[in-house]
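Everything on this sheet refers to the single structure shown next.
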Amino acid sequence: MFRHLALPVCLAAALGLAPDVALTAGCAEDAMIVLDGSGSMSGMGFDRRRDARIVEARAALGEVLPGIERVRRLGLVTYGPGEGRVCERVDLVFRPAPNAAGPILERVDALWPAGATPLTRAVRTAAATLDGAGGTVVLVTDGKETCGGNPCALADRLALMRTGLTVHVIGFRVTGGRLSRGDEVDRDYGRAVADARCLADRTGGRYIDAQDAEALIAALRETLGCLAIGDATWLPEHVFAR
């Protein structure tokens with residue numbers, strides 16, 4: 001019923017699940033996290049009482065990744081800070097590797113946002129690190145492409161050339177919407193969502209709006225975790241708590 005079911009079934013057995021419980025196909029494939037490190041991630045948005053976006057993002061990743069690494073190999077791409085031309089600052093930090101949570105979190109903790117938002121280049125870089133046609137890319141971003149890239153054109157190319165690749169997009173504290181302060185912000189919000197959403201829509205992924213750290217944690221678990229078929233429980237949060 002599911003593509004590449006053998007691996008999830010074996011993984012379910014290894015995790016001690018009941019024989020009638022399988023994991024959704026693809027959930028153990030390699031995954032690349034693309035983290036927005038542009039200057040706006042150091043901001044707090046309209047609510048000045050909150051932590052900067054990057055602080056909440058670090059906390060959310062720290063909550064989720066130690067469990068996820070038990071299921072799949074993880075890698076990391078960041079964009080924003082660094083040397084050279086601002087729109088070329090895309091850093092392939094790690095290719096997918098086992099037990100990657102610690103190294104990834106160490107690099108994320110050391111990252112301080114700066115620069116622009118070359119998210120199209122970053123997603124393309126992440127996709128290129130994944131072997132074969134499959135794999136998962138999870139983009140966490142607070143804004144729109146600002147370096148002339150075309151996310152929707154990239155989405156079309158990935159959908160055509162990489163039929164097994166899924167791109168999920170988490171819009172983290174994207175300004176506007178409920179926090180709107182006039183038409184100008186509304187238009188900016190709409191563009192920020194549209195810029196990234198087509199990457200998810202055209203590759204079979206999900207676009208999730210996360211307006212706080214708890215929502216980001218849930219979104220990361222949903223896009224990186226595994227659903228236990230027959231148990232209706234997200235993994236690894238359920239299994240690894242045993």
Q: I would like to know whether Val71 and Leu224 meet side chain to side chain contact (heavy atoms under 4.5 Å, CB included); could you show each step before the answer?
A: CA-CA 9 Å; Val71 176; Leu224 288 170; over 6 Å; no
Heavy atoms only: give me the nearest [X]-[Y] pair and the separation to one decimal.
X: Ala219; Y: Ile208; answer: CB-CG2, 3.8 Å
X: Gly115; Y: Ser38; answer: O-CB, 3.7 Å
X: Trp112; Y: Ser42; answer: CZ2-CB, 3.9 Å
X: Asn99; Y: Pro103; answer: O-CD, 3.8 Å
X: Val123; Y: Leu139; answer: CG2-CD2, 4.1 Å
X: Pro151; Y: Glu145; answer: CG-CB, 4.2 Å

Checking [X] now: which residues fulfil salt bridge (charged side-chain N to carboxylate O under 4.0 Å, His left out) with it, not counting sequence neighbours?
X: Arg89; value: none
X: Asp109; value: none
X: Glu63; value: Arg221
X: Arg58; value: none

Which distance, rounded to the nearest 0.5 Å, do you find between the [atom1] of [X] and the [atom2] of [Y]?
X: Leu119; Y: Thr125; atom1: CG; atom2: OG1; value: 11.5 Å
X: Leu220; Y: Ile170; atom1: CG; atom2: CD1; value: 4.0 Å
X: Leu111; Y: Glu106; atom1: CG; atom2: CD; value: 13.0 Å
X: Asp142; Y: Thr117; atom1: CG; atom2: OG1; value: 6.5 Å
X: Met32; Y: Leu165; atom1: CE; atom2: CG; value: 11.0 Å
X: Gln211; Y: Phe172; atom1: CD; atom2: CZ; value: 8.5 Å

Non-neighbouring partners of [X] that pass side-chain contact (heavy atoms from CB on, under 4.5 Å), sequence neighbours left out:
X: Asp201; value: Arg197
X: Asp156; value: Arg202
X: Ala116; value: Val86, Cys87, Thr146, Cys147
X: Thr203; value: Leu158, Val167

Side chains of [X] and [Y]: closer than 4.5 Å at any heavy-atom pair?
X: Asp36; Y: Val140; answer: no
X: Leu65; Y: Ile104; answer: yes
X: Tyr207; Y: His168; answer: no
X: Asp91; Y: Arg107; answer: yes
X: Pro96; Y: Leu74; answer: no
X: Val108; Y: Leu35; answer: yes
X: Thr136; Y: Arg72; answer: yes
X: Val77; Y: Val93; answer: no

(Q) Arg73: which residues meet the side chain to side chain donor-acceptor pair (under 3.5 Å) condition with it, sequence neighbours left out? (A) Asp30
Q | salt bridge (Lys or Arg N to Asp or Glu O under 4.0 Å) partners of residues 92-105, not counting sequence neighbours, each pair once | A | none
So does [Y] get a backbone contact from the side chain of [X], meaning a donor-acceptor N/O pair under 3.5 Å?
X: Arg53; Y: Arg173; value: yes
X: Arg124; Y: Leu154; value: no
X: Thr141; Y: Gly143; value: yes

Q) Taking it one step at a time, do Arg157 and Arg162 satisfy side chain to side chain contact (heavy atoms under 4.5 Å, CB included)? A) CA-CA 8 Å; Arg157 181 172 179 80; Arg162 302 284 299 275; over 6 Å; no
Q: Go through the side-chain N and O atoms of Thr120 and Tyr79 and say whether any donor and acceptor fall under 3.5 Å apart.
A: no
